[in-house]
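Working notes for the structure below.
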Amino acid sequence: MLHPISAPRLGERRAPAGGLRLGLRALRLRQWLHFVALPLAGVPAFGLVTGACPIGPVLWACLAAALCLAWAYGINAHADRATDRSPRKNPLAGAAVGPAAWLPTALCGMLALPAAALCGGLVAAALSLAAGAVYSVGPRLKRVPVVGALVNAAIFAPLMALVGGPRPPGFWGISLVFAALLLQNQLLHERADADEGRRAGARTTARLLGRAGVARAGRGL
């Protein structure tokens with residue numbers, strides 16, 4: 001929801017809108033840095049050791065994963081800044097944001113596809129970027145129970161397939177387990193952020209299931 005800015009009262013000083021530096025903080029590097037290694041799950045380890053799998057595409061894939069994640073976390077920070085309370089969780093919470101603050105997020109989204117094309121993962125990157133967009137903006141599917149949790153998983157899971165070529169044994173089983181862990185993690189986060197979700201008008205999966213339902217679903221996953 002867009003919040004119109006009211007005119008300042010006479011004599012009132014308004015804080016200057018945050019620019020490029022605040023936009024860089026909105027990418028929240030520390031929250032997703034550990035996921036940059038996800039493309040390694042789609043590469044045969046023996047091929048990396050013997051040199052049969054070139055290291056170049058793997059490095060491009062890790063860069064593409066970082067750009068996709070920066071895009072997803074960046075637009076989420078912008079979309080939720082009016083309802084998030086904790087600056088530790090969202091550096092944009094309650095901040096005045098200028099147009100320049102969007103630049104880092106936009107650049108990451110634009111550069112992700114060229115990087116993915118260099119490692120054969122164009123489709124995987126496109127899926128992740130699209131999921132990040134529709135989760136936080138556009139239809140804002142994070143407000144829809146079950147669908148929001150699945151779309152959130154679709155931000156991360158495709159990153160395992162960023163490196164083109166043959167998959168290692170067990171890849172699809174590992175992908176299924178990873179998706180289940182993502183869904184479990186999402187339920188726990190939705191439960192912890194229930195108050196913020198309520199203010200944002202998001203009827204998340206956790207709100208639909210309730211405390212007991214989240215516990216049962218978490219154990220099942």
Side-chain angles (χ1 to χ4, degrees), residues 27-77 104-142 144 146-190 205 217 220-221:
L27 301 183
R28 298 183 282 178
L29 176 68
R30 293 181 180 180
Q31 296 184 25
W32 52 260
L33 187 60
H34 50 289
F35 285 117
V36 170
L38 279 176
L40 294 174
V43 180
F46 183 73
L48 284 176
V49 173
T50 62
C53 179
I55 193 66
V58 176
L59 295 177
W60 281 115
C62 291
L63 175 61
L67 292 169
C68 287
L69 291 166
W71 159 262
Y73 277 74
I75 59 174
N76 182 260
T105 298
L107 282 176
C108 288
M110 289 188 292
L111 294 174
L113 291 180
L118 294 171
C119 59
L122 195 58
V123 173
L127 287 173
S128 178
L129 292 172
V134 300
Y135 178 78
S136 295
V137 295
R140 197 164 166 79
L141 294 178
K142 66 179 296 182
V144 183
V146 182
V147 174
L150 292 173
V151 173
N152 178 76
I155 296 172
F156 299 88
L159 303 181
M160 300 175 71
L162 276 173
V163 181
R167 300 298 174 202
F171 171 76
W172 297 111
I174 292 173
S175 300
L176 182 62
V177 172
F178 179 63
L181 291 172
L182 284 172
L183 291 171
Q184 184 190 61
N185 183 71
Q186 177 69 4
L187 285 175
L188 295 176
H189 275 280
E190 287 180 358
T205 308
L221 288 166

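The analysis underlying the following values was restricted to heavy atoms, covering all of them including side chains, and did not include hydrogens, waters or symmetry mates.
The minimum heavy-atom distance linking Arg167 with Met160 is given by the pair NH1-O, 4.4 Å. Ala131 approaches Val151 most closely through the heavy-atom pair O-CG1, 3.5 Å. Considering every non-hydrogen atom in both Ala133 and Ile75, the closest pair reads CA-CD1, 3.4 Å. Taking all atoms of both residues into account, the shortest heavy-atom contact from Ala115 to Trp60 is O-CB, 3.9 Å. The two residues Ala125 and Ala116 come nearest to each other via the heavy atoms CB-CB, 3.4 Å. Smallest separation of non-hydrogen atoms from Leu122 and Leu113: CD1-O, 3.5 Å.
Atom OH of Tyr73 is separated from atom CZ of Arg30 by 14.5 Å, given to the nearest 0.5 angstrom. To the nearest 0.5 Å, atom SG of residue Cys62 and atom CG of residue Leu67 are 11.5 Å apart.
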Distance-only donor-acceptor pairs under 3.5 Å for side chains of residues 32-41, two or more places apart:
residue: Trp32; atom: NE1; partner: Leu27; partner atom: O; Å: 2.7
residue: Trp32; atom: NE1; partner: Arg28; partner atom: O; Å: 3.2

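Remark: Asn152 engages Gln186 in a side chain to side chain donor-acceptor pair (under 3.5 Å) (not counting sequence neighbours).
Between Leu118 and Leu63 there is no side-chain heavy-atom pair separated by less than 4.5 Å. By the 4.5 Å heavy-atom criterion applied to side chains, Leu187 and Gln184 are not counted as neighbours. You'll find the side chain of Phe156 reaches within 4.5 Å of the side chain of Leu69, heavy atoms only.
Formation of a donor-acceptor pair under 3.5 Å by the Trp71 side chain with backbone atoms of Leu129 is found in this model. Between the side chain of Ser128 and the backbone N or O of Ile155 there is at least one donor-acceptor pair closer than 3.5 Å.
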Would you check, one step at a time, whether the test side-chain contact (heavy atoms from CB on, under 4.5 Å) holds for Val177 with Leu181?
CA-CA 6 Å; Val177 172; Leu181 291 172; 4.3 Å; yes
